[in-house]
Amino acid sequence: MSRYDPAVTEANWQAAWDAAGVFRAHHDPARPKYYVLEMFPYPSGRIHMGHVRNYTMGDVVARHKAACGFSVLHPMGWDAFGMPAENAAMERGGHPKTWTYSNIADMRAQMKPLGLSIDWSREFATCDPEYYGQQQAMFIDMMEKGLVYRKAAVVNWDPVDMTVLANEQVIEGKGWRSNAPVERRELTQWFFRISDYAEDLLDALDGLKDWPEKVRLMQANWIGKSRGLQFAFDTVGAPAGNERLEVYTTRPDTLMGASFAAIAPDHPLAKALEATNPAVAAFVAECRRGGTSEEAIETAEKVGFDTGIRVKHPMDPNWELPVWIANFILMDYGTGAIFGCPAHDQRDLDFARKYGLDVTDTFVAAEAGEPVGKTAFVPMKSEKVRWLKNFAWPEVATAEEAIAAAIAYAEEKGIGHGVTNFRLRDWGISRQRYWGCPIPVIHCPSCGVVPEAKENLPVRLPDDVSFDVPGNPLDRHPTWRDCTCPHCGAAARRETDTMDTFVDSSWYYARFTAPHAATPTDAEECAYWMNVDQYIGGVEHAILHLLYSRFFARAMHATGHLPAKAIEPFNALFTQGMVTHEIYTSSFTIPGEPYPRLGVDAEPGPPVVRQVYHLPEEVEGFLPGKNPRTFLKIEVEQYLQDNPGKERADAYAFLAESGERVYVLPSAKMSKSKKNVVDPVSIVTTFGADTARWFVMSDSPPERDVEWTASGAEAAFKHLGRVWRLADEVDKRGAGDPAQDMALLKTMHRTIADVTAGIEGFAFNKAVAALYAFANAVQRSDASANAKRTAMQTMAQLMSPMTPHLAEDIWAMLGGTGLVAQALWPKADPAMLVEDHVTLPIQVNGKRVAEISVPKETAAPEVEKRVLADETVQKVLAGRSPKKLIVVPGRIVNVVV
RNA sequence: GCGGGUGUGGCGGAAUGGUAGACGCGACAGACUCAAAAUCUGUUUCCGCAAGGAGUGUCGGUUCGAGUCCGACCACCCGUACCA
């Protein structure tokens with residue numbers, strides 16, 4: 001071999017690793033284990049740069065730990081249920097199952113050439129009946145433990161397609177296909193009792209020392225523990241059965257500033273009024289328009305309706321407040337009813353101003369307090385304020401003190417009681433869709449809702465379904481739906497809801513420890529392999545997936561499927577940034593159409609402007625003198641700089657095929673829907689896997705987003721070729737000068753230390769930078785061939801986690817024994833890291849003016865003498881003596897004049 | 001709206017409160033070449049001929065010293081419970 005040729009060697013090394021079984025995880029009690037896991041992918045059919053980055057990071061960790069003597073488990077699987085498979089079936093025909101499995105085969109074929117150190121013998125997909133059958137078994141166990149129940153909850157309802165929509169399918173309040181306004185509708189659904197664990201899930205965050213602080217903070221805020229007062233207003237003029245209105249407040253200290261009570265549109269009182277009062281019915285119906293997402297509800301204009309009902313203030317029976325129905329009150333939180341204190345809540349203030357309600361200050365700033373005008377006064381709860389309406393605490397007190405006093409007072413007077421509430425809601429897992437894990441439950445006319453018998457598991461999805469009609473095919477599949485009751489044997493019906501795909505991904509990490517076990521987990525394998533030592537995935541999963549997994553591990557422990565040590569399944573978490581790319585878009589207008597199934601009188605809807613997105617390779621650019629198919633941000637910026645007056649879109653912006661103008665939107669997370677994706681396969685086929693791997697590990701810190709650009713891929717390839725040549729030339733460049741050996745070896749040990757620290761600290765970009773610098777040092781060194789061989793063997797080892805194939809090439813070229821993939825990680829010799837001289841910068845008033853070089857252990861007085869003798873310092877001092885002289889040993893000297 | 005994060009040259013980024021710009025990309029110059037590619041050597045924060053000055057999103061503060069700590073703001077990104 002005479003040149004770096006990844007196309008030939010990469011496949012050979014992959015075959016060699018396979019033959020040696022290097023990546024098979026061995027349950028070896030004699031060795032410490034290390035379980036590294038990356039969040040498994042959804043099988044869209046194509047891998048993208050985000051996958052390459054994610055799996056390369058895990059691979060670097062896995063290979064490094066293996067070299068350090070650990071028995072490593074590094075598995076891979078597929079998060080294979082979900083909506084895209086059904087959408088594909090609707091759009092192109094075919095079956096979600098064939099679409100999914102064929103995508104899995106495609107993606108596996110694209111991933112294998114990356115040379116990841118994955119134990120493929122443990123691979124599974126969540127849509128395998130062997131997997132979801134075990135999930136059904138656990139669901140039944142959880143039912144028996146009381147962790148599962150049914151209740152009514154709202155969904156997005158598309159009145160034209162007569163189907164439930166996901167939040168992402170609701171675009172500006174309208175169905176994505178029908179374009180009809182979406183309504184909120186209640187359905188009976190299945191729930192996991194995650195809120196029973198709210199306190200534990202919150203407290204245990206403190207123990208997750210190796211999780212990012214931001215993730216723990218986000219989860220804590222999501223769980224949202226609050227202490228407040230719950231009490232009941234006596235109502236005046238309310239329908240029978242509503243003599244009292246329970247409210248919850250976290251600000252009982254502001255009770256004397258209350259100006260109205262407000263209830264959610266779904267509150268029982270609102271429903272009672274709706275039945276008899278057409279105006280209420282109309283208002284509530286208006287509130288139910290739009291999607292169910294918190295974002296949609298919170299950003300909608302705040303509107304209210306005065307019910308005419310009044311409530312008596314608990315502190316003063318002669319003081320009555322109006323009861324409003326308000327669209328921003330959530331039925332899911334607290335009691336679905338509040339009292340509004342406009343002076344100290346901006347939302348309440350806006351509402352009060354809009355409808356002319358009273359605004360009463362209960363406290364003002366301790367100094368120079370002014371009454372509230374347009375802005376509510378909401379200081380930190382720990383800040384001392386001056387009270388105008390205090391009823392159980394001193395005039396000057398913090399809100400924290402006042403809240404505690406108000407609760408104690410209310411309890412003493414029998415007005416209400418202190419309550420701890422959580423924002424966290426129970427986990428609704430029902431999905432009215434086909435392509436998910438069937439909920440293993442049977443509805444029997446005489447026995448009610450009963451679990452399927454375990455011996456009948458898995459409840460398999462039927463294959464003979466079609467997607468030509470919107471809605472859930474399971475609902476209209478009589479032979480699947482009709483069954484016999486496992487208790488009484490009578491004719492019964494299957495549950496047709498399937499599970500949220502977050503359930504599938506909440507325990508796959510445990511299944512990997514024994515992927516073929518006849519039970520969900522295997523106790524011995526769990527005992528050895530759990531927990532995941534390092535979990536790696538996108539920060540977008542910081543809350544839902546990770547919180548659900550933490551809950552599910554607890555539920556699995558409660559049902560005997562995980563040991564107690566695994567209730568926090570992920571010891572360490574790393575959240576990588578996303579791979580982003582510019583977005584190319586154009587838009588077109590669809591004329592308004594009547595909603596066909598709403599009846600003949602339906603008015604045409606308004607015209608719809610739809611965004612269309614274009615793949616990077618479909619867009620061509622106008623960049624004089626440049627390859628039109630490279631969309632380098634650098635070039636655009638340069639172009640804009642060189643051509644004042646031109647706009648960003650002028651730089652490059654039309655479709656290659658039609659010449660239609662497209663617009664360039666700022667980089668965002670690569671996503672299929674925005675089509676701003678880049679295909680790593682072409683990089684791998686052009687340059688080899690190592691180039692792709694090296695490229696995604698360099699430059700950007702792994703926790704930060706990285707904007708993909710074509711630049712650098714080629715540069716990475718060039719660098720790997722250079723490293724290959726450096727190894728090739730070790731013996732071809734003559735004997736060299738042994739006097740230079742020490743300097744090279746010192747650099748080598750420095751590099752070992754830097755690369756090791758970089759990998760262990762998840763600073764792969766810094767490890768890469770150290771390796772670049774080391775290559776420069778080897779190239780410029782005149783050291784002996786022996787020293788260079790040692791240096792390049794170490795180079796091979798240090799690069800092997802990132803560029804494993806090239807590392808094997810070099811290792812073999814230089815006569816290394818066995819595979820570098822099985823060699824022990826090199827250790828830096830501390831003696832070689834010591835420098836005998838240090839350079840001390842000299843500052844004057846914090847500005848650097850000069851520097852001196854002194855032996856490392858020079859004492860401060862000696863340094864001071866040298867500094868004062870320095871020419872530049874003398875010039876600045878001009879005979880005066882410095883006000884102060886700060887010597888930070890080994891660091892810096894600051895002369896204050 | 002709410003919660004979390006990010007912001008440093010032409011670009012990606014580096015920097016235990018201690019020399020801002022490591023390392024790489026790009027650009028420029030030179031060597032090699034008939035020529036080009038590849039490779040190698042060097043220069044490259046900005047303004048300025050220079051001396052010198054300015055500079056880490058904006059404004060303010062703490063400190064001998066701030067990219068780093070504190071406060072206010074701006075912009076963008078992620079999440080917001082049925083996208084995965």
Side-chain angles (χ1 to χ4, degrees), chain A residues 39 41-42 44 79 81-84 155-156 164-170 212 214-215 217-218 220-222 224 291-300 302 328 332 346-347 424-433 500-502 505 538-545 547-548 575 577-578 580 632-635 637-638 641 666-669 671-673 698-701 703-707 709 711-712 714-716 718-719 721-722 725 763 765-766 768-773 776 779-780 839-843 845-851 882-886 888 891-896:
Chain A
M39 291 178 186
Y42 179 80
S44 63
D79 189 13
F81 275 135
M83 296 195 308
V155 294
N156 301 305
V164 177
L165 297 179
N167 284 336
E168 79 159 2
Q169 295 172 325
V170 178
K214 64 175 173 189
V215 174
L217 187 57
M218 279 191 264
N221 288 338
W222 185 261
T292 59
S293 75
E294 185 189 308
E295 187 192 5
I297 292 167
E298 289 283 323
T299 53
K302 314 284 181 279
F328 57 89
D332 290 316
Q346 189 61 44
R347 207 166 51 178
L424 180 67
R425 310 198 294 258
D426 276 333
W427 176 8
I429 61 154
S430 282
R431 298 292 180 270
Q432 294 72 39
R433 283 182 239 292
D500 178 8
T501 56
F502 275 124
S505 57
V539 66
E540 65 270 29
H541 295 293
I543 296 173
L544 292 181
H545 163 61
L547 191 61
Y548 290 150
T575 53
M578 285 163 301
T580 64
L632 307 188
K633 199 182 171 190
I634 300 164
E635 293 170 346
E637 299 304 331
Q638 191 65 53
Q641 217 185 345
S667 263
K669 172 179 155 185
S671 79
K672 249 179 91 172
S673 59
S698 50
D699 291 348
S700 281
E703 68 276 14
R704 199 94 65 86
D705 287 353
V706 60
E707 177 166 19
T709 59
S711 79
E714 196 161 332
K718 281 185 193 172
H719 178 73
R722 182 164 76 119
R725 279 194 308 281
N765 56 323
K766 288 190 246 172
V768 167
L771 287 164
Y772 268 109
N776 289 341
Q779 181 152 338
R780 282 163 203 169
T839 303
L840 289 184
I842 303 172
Q843 296 181 331
N845 293 338
K847 288 262 178 210
R848 182 186 168 280
V849 295
E851 61 182 36
K883 255 191 214 158
K884 208 170 179 182
L885 193 58
I886 292 153
V888 184
R891 273 284 177 202
I892 203 164
V893 181
N894 193 7
V895 183
V896 186

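So that the names make sense, note that chain A is the first sequence line, chain B the second, and so on, each numbered from 1.
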Practice problem: Please work out if A:Pro41 contacts a base, only the sugar-phosphate, or nothing of the nucleic acid, heavy-atom cut-off 4.0 Å. | Solution: nothing
Quiz item: How far does the C1' atom of B:G10 sit from the matching atom of B:C70, given to the nearest Å?
Solution: 34 Å
Quiz item: Is any side-chain nitrogen or oxygen of A:Ser700 closer than 4.0 Å to OP1 or OP2 of B:G13?
Solution: yes
Quiz prompt | Min side-chain heavy-atom separation A:Met218-A:Lys214 under 4.5 Å | solution = yes
Exercise. Tell me what A:Val888 touches on the nucleic acid: a base, only sugar-phosphate, or nothing, going by heavy atoms under 4.0 Å.
Key: base
Quiz item: Base, sugar-phosphate alone, or nothing: which one does A:Asn776 contact when heavy atoms must sit under 4.0 Å apart?
Solution: sugar-phosphate
Exercise. In whole angstrom, give the distance that lies between atom CD of A:Glu540 and atom P of B:C78.
Key: 9 Å
Practice problem: Look through every strand shown and name the nucleotide pairing with B:U80 as Watson-Crick or G-U wobble, where both distances are under 3.5 Å. | Solution: B:G1
Quiz item: Which part of the nucleic acid, if any, lies within contact of A:Phe328, taking any heavy atom under 4.0 Å across all strands shown: a base, the sugar-phosphate backbone alone, or nothing?
Solution: nothing
Exercise. Once you apply the 3.5 Å cut-off to both distances, tell me the Watson-Crick or G-U wobble partner of B:A72, or none.
Key: B:U58
Quiz item: What does A:Ile886 touch in the nucleic acid at a heavy-atom separation under 4.0 angstrom: a base, only the sugar-phosphate, or nothing?
Solution: base
Quiz item: Does A:Lys766 put a side-chain nitrogen or oxygen below 4.0 Å from OP1 or OP2 of B:A15?
Solution: yes
Exercise. Counting heavy atoms from C-beta on, name the nucleotide in B:U19, B:G3, B:A84 closest to the side chain of A:Asn221.
Key: B:G3
Quiz item: At under 4.0 Å between heavy atoms, what does A:Trp427 touch on the DNA or RNA strands: base, sugar-phosphate, or nothing?
Solution: nothing
Self-check item: Under-3.5 Å donor-acceptor pair between A:Asp699 side chain and B:G12 base
Solution: yes
Self-check item: Options B:U80, B:G1, B:A84, nucleotide nearest the side-chain atoms of A:Tyr42
Solution: B:A84
Quiz item: Of all the nucleotides listed (B:C83, B:U80, B:G42), which has the minimum atom distance to the side chain of A:Glu168?
Solution: B:C83
Quiz item: Would one find a side-chain N or O of A:Asn167 under 4.0 angstrom from OP1 or OP2 of B:A81?
Solution: yes
Quiz item: When all nucleic acid strands are considered with a 4.0 Å heavy-atom cut-off, which category describes A:Arg722: base, sugar-phosphate, or nothing?
Solution: sugar-phosphate
Self-check item: Derivation and outcome, side-chain contact (heavy atoms from CB on, under 4.5 Å), residues A:Val896 and A:Asn845
Solution: CA-CA 5 Å; A:Val896 186; A:Asn845 293 338; 3.7 Å; yes
Quiz item: When all nucleic acid strands are considered with a 4.0 Å heavy-atom cut-off, which category describes A:Val768: base, sugar-phosphate, or nothing?
Solution: nothing
Practice problem: Please lay out, stage by stage, how A:His541 and A:Val215 fare under the test side-chain contact (heavy atoms from CB on, under 4.5 Å). | Solution: CA-CA 9 Å; A:His541 295 293; A:Val215 174; over 6 Å; no
Quiz item: Within a strict 4.5 Å, meaning less than it, do heavy atoms of the A:Val895 and A:Val849 side chains meet?
Solution: no
Practice problem: For B:C28 versus B:C83, give the span between their P atoms, rounded off to a whole number of Å. | Solution: 49 Å
Quiz item: Taking CG from A:Asn845 and P from B:C64, how many angstroms apart are they, rounded to a whole number?
Solution: 11 Å
Quiz prompt | First of A:Ala716 and A:Arg725 reached from the 5' end of RNA chain B, by closest nucleotide | solution = A:Ala716
Exercise. For B:A84, take OP1 and OP2 only and decide whether either is under 4.0 Å from a side-chain N or O of A:Thr501.
Key: yes
Quiz item: Taking the same atom, P, in B:U68 and in B:U56, what whole-Å distance lies between them?
Solution: 9 Å
Quiz item: Given B:C78, B:U41, B:A81, which nucleotide is nearest the side-chain atoms of A:Arg425?
Solution: B:A81
Practice problem: Determine which nucleotide pairs with B:U63, using a 3.5 Å limit on both distances of a Watson-Crick or G-U wobble pair. | Solution: none
Practice problem: Please work out if A:His545 contacts a base, only the sugar-phosphate, or nothing of the nucleic acid, heavy-atom cut-off 4.0 Å. | Solution: nothing
Quiz item: How far, in whole Å, is B:U8 from B:G4 if one measures between their P atoms?
Solution: 22 Å
Practice problem: Quickly work out the A:Gln779 CD to B:U41 C1' distance and round it to whole Å. | Solution: 10 Å
Quiz item: Looking at A:Gln169, does any N or O in its side chain come under 4.0 Å of the phosphate oxygens OP1/OP2 on B:C83?
Solution: no
Quiz item: In whole angstroms, how far is the P atom of B:A81 from the CG atom of A:Leu547?
Solution: 14 Å
Quiz item: Within the structure, does a side-chain N or O atom of A:Arg704 lie under 4.0 Å from either OP1 or OP2 of B:A14?
Solution: yes
Self-check item: Sugar-phosphate, base or nothing in reach of A:Asn894, heavy atoms under 4.0 Å
Solution: base
Self-check item: Inter-nucleotide C1' distance (B:A27, B:A75), Å rounded
Solution: 29 Å
Quiz prompt | Length of the CD1-C1' vector between A:Ile892 and B:G17, whole Å | solution = 10 Å
Practice problem: Indicate, yes or no, whether a donor-acceptor pair under 3.5 Å links the base of B:U19 to the side chain of A:Arg891. | Solution: no
Practice problem: For nucleotides B:U63 and B:C47, find the distance between their C1' atoms and express it as a whole number of Å. | Solution: 30 Å
Exercise. Return the value, rounded to whole Å, for the distance between atom CE of A:Met218 and atom P of B:G3.
Key: 13 Å
Quiz item: Quick one: on RNA chain B, does A:Lys718 or A:Lys847 contact a more 5' nucleotide (nearest heavy atom)?
Solution: A:Lys718
Quiz item: Counting any heavy atom closer than 4.0 Å, what does A:Ser505 reach on the DNA or RNA strands: base, sugar-phosphate only, or nothing?
Solution: nothing
Quiz item: A:Ile543 has an atom CD1; how far is it from atom P of B:G3, in whole Å?
Solution: 12 Å
Quiz item: At under 4.0 Å between heavy atoms, what does A:Val895 touch on the DNA or RNA strands: base, sugar-phosphate, or nothing?
Solution: nothing
Exercise. Please tell me which of the listed nucleotides, B:A14, B:A81, B:G1, lies nearest to the side chain of A:Pro701?
Key: B:A14
Practice problem: Please report, rounded to the nearest Å, how far the C1' atom of B:G12 is from the NE2 atom of A:His719. | Solution: 16 Å
Quiz item: Taking syn as any angle within 90 degrees of 0 and anti as the rest, which one fits B:G9?
Solution: syn
Practice problem: Start with the C-alpha distance between A:Glu295 and A:Asn167, add both sets of side-chain angles, then the distance that settles side-chain contact (heavy atoms from CB on, under 4.5 Å), and finish with yes or no. | Solution: CA-CA 10 Å; A:Glu295 187 192 5; A:Asn167 284 336; over 6 Å; no
Exercise. For A:Gly224, answer base if it contacts any base atom (sugar-phosphate contacts may also be present), sugar-phosphate if it contacts only those atoms, and nothing otherwise; contact means non-hydrogen atoms under 4.0 Å.
Key: nothing
Quiz item: Going by heavy atoms in the side chains, are A:Trp427 and A:Asp500 under 4.5 Å from each other?
Solution: yes
Exercise. Tell whether A:Glu294 reaches the base of B:G1 with its side chain through a donor-acceptor pair below 3.5 angstrom.
Key: yes
Quiz item: In Watson-Crick or G-U wobble terms, both distances under 3.5 Å, what is the partner of B:A31?
Solution: B:U39
Quiz item: With under 30° as parallel and over 60° as perpendicular, where do the rings of A:His545 and A:Phe502 fit, or are they tilted in between?
Solution: parallel
Practice problem: Under 4.0 Å between any heavy atoms, over every strand shown, what does A:Ser698 touch: base, sugar-phosphate, or nothing? Just pick one. | Solution: nothing
Practice problem: Could you give the distance separating B:G12 and B:A22 at their C1' atoms, to the nearest angstrom? | Solution: 13 Å
Self-check item: C1' spacing across the pair B:C46 / B:U39, given as an integer number of angstrom
Solution: 33 Å
Quiz item: What's the closest nucleotide to the A:His541 side chain, out of B:G4, B:C83, B:A84?
Solution: B:A84
Quiz item: Can A:Trp222 and A:Leu424 be said to form a side-chain contact (heavy atoms from CB on, under 4.5 Å), step by step?
Solution: CA-CA 6 Å; A:Trp222 185 261; A:Leu424 180 67; 3.8 Å; yes
